[in-house]
Amino acid sequence: MEHIEGAIDFNPREITEDEREYASNSYLMSLFALFIGLPLPIFNLLATVIFYLGKRKSTSFVRWHCTQALISQFSIFFFNTAAFWWTIAIILHKKEVSDSYISYIILIFILNGIEIISTIYTSIQTRKGIHVRWFLFSDITDNLLKK
């Protein structure tokens, strides 16, 4: 990930071991929630929100990564919620599964797969003290955390 003009950047030598761990855990919270409450998308978002609220007064590195994790979970929450309720409607109303539904579910699996892989990668890199910026989400995070 390259440096973007005006972006918040961190020096890896100045980041403590605790900061690395907390920043890394901010991404892992959504994965733990995913496997515990798999069908309900709200669990991922709630876990990330709770962790964010607990660390929002932490150092800038931890706060930045908690915010980026929260924004990513918030965005995927809407996609997952639509898939969840569409599936429930098909089950409860015994509707026929359409091509649109199958296409959407495939899209959801792809998006969630990308998000899971990105989350694991970012968690590992952040644990090493490497500042990882996600496309689009990092710019939003920078704008939210500007002083």
Side-chain angles (χ1 to χ4, degrees), residues 1-90 98-147:
M1 314 277 163
E2 62 187 65
H3 178 72
I4 300 171
E5 189 74 29
I8 298 173
D9 204 4
F10 301 95
N11 183 348
R13 293 185 190 115
E14 297 174 0
I15 302 167
T16 67
E17 188 65 27
D18 285 343
E19 289 176 300
R20 293 173 185 192
E21 183 178 350
Y22 292 141
S24 176
N25 289 345
S26 69
Y27 295 101
L28 293 177
M29 291 308 295
S30 64
L31 291 180
F32 293 138
L34 173 69
F35 298 120
I36 291 171
L38 189 59
L40 297 174
I42 191 72
F43 285 130
N44 301 19
L45 184 61
L46 283 176
T48 308
V49 166
I50 290 168
F51 193 82
Y52 170 81
L53 291 174
K55 300 297 177 192
R56 72 178 183 262
K57 303 224 186 229
S58 190
T59 63
S60 60
F61 183 75
V62 175
R63 190 173 54 251
W64 194 95
H65 284 282
C66 286
T67 304
Q68 180 171 261
L70 180 62
I71 292 167
S72 70
Q73 281 303 307
F74 187 70
S75 65
I76 203 153
F77 168 75
F78 293 107
F79 289 103
N80 289 342
T81 299
F84 175 78
W85 288 111
W86 196 351
T87 303
I88 294 298
I90 288 172
S98 66
D99 289 342
S100 299
Y101 173 77
I102 292 170
S103 298
Y104 190 75
I105 293 300
I106 290 171
L107 173 68
I108 292 303
F109 276 108
I110 291 170
L111 287 175
N112 279 287
I114 291 169
E115 197 266 338
I116 289 169
I117 291 168
S118 298
T119 297
I120 292 169
Y121 171 79
T122 304
S123 178
I124 291 168
Q125 294 302 320
T126 306
R127 185 71 169 101
K128 294 176 185 176
I130 299 169
H131 181 58
V132 179
R133 299 175 55 82
W134 289 6
F135 174 74
L136 184 65
F137 300 131
S138 62
D139 293 335
I140 295 170
T141 303
D142 285 343
N143 288 329
L144 287 174
L145 296 179
K146 279 184 182 175
K147 291 186 178 187

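Residues take their numbers from the sequence shown, with the count starting at 1.
A 4.5 Å side-chain heavy-atom check between T16 and F61 finds every atom pair outside the cut-off. Side-chain atoms of Q73 and V49, non-hydrogen and from C-beta on, never get closer than 4.5 Å to each other. Proximity of F84 to N80: side-chain heavy atoms (C-beta onward) are nowhere separated by under 4.5 Å. With a 4.5 Å cut-off on side-chain heavy atoms, T67 and R56 do not count as touching. Counting heavy atoms from C-beta on, the side chains of R63 and S60 come closer than 4.5 Å.
The side chain to side chain contact (heavy atoms under 4.5 Å, CB included) check on F78 picks up F74, with sequence neighbours excluded. Evaluation of the ring-ring contact (aromatic ring centres under 6.0 Å, His included) rule for F79 yields no partner, not counting sequence neighbours. For F137, the side chain to side chain contact (heavy atoms under 4.5 Å, CB included) partners at least two apart in sequence or on another chain are Q68, I71, S72, S75, W134.
Going from atom CH2 of W64 over to atom OG of S58 covers 15.0 Å, rounded to the nearest 0.5 Å. Note that CD1 of I108 and OG1 of T87 are 9.5 Å apart. Values are rounded to the nearest 0.5 Å.
Using the six-membered ring where Trp is involved, H65 and Y27 have ring planes that are perpendicular, over 60° apart on the 30 and 60° scheme.
The shortest non-hydrogen separation linking E115 to I76 is CB-CD1, 3.8 Å.
Between the side chain of T122 and the backbone N or O of S118 there is at least one donor-acceptor pair closer than 3.5 Å.
Between R127 and E17 a salt bridge is recorded (basic side-chain N to carboxylate O distance below 4.0 Å).
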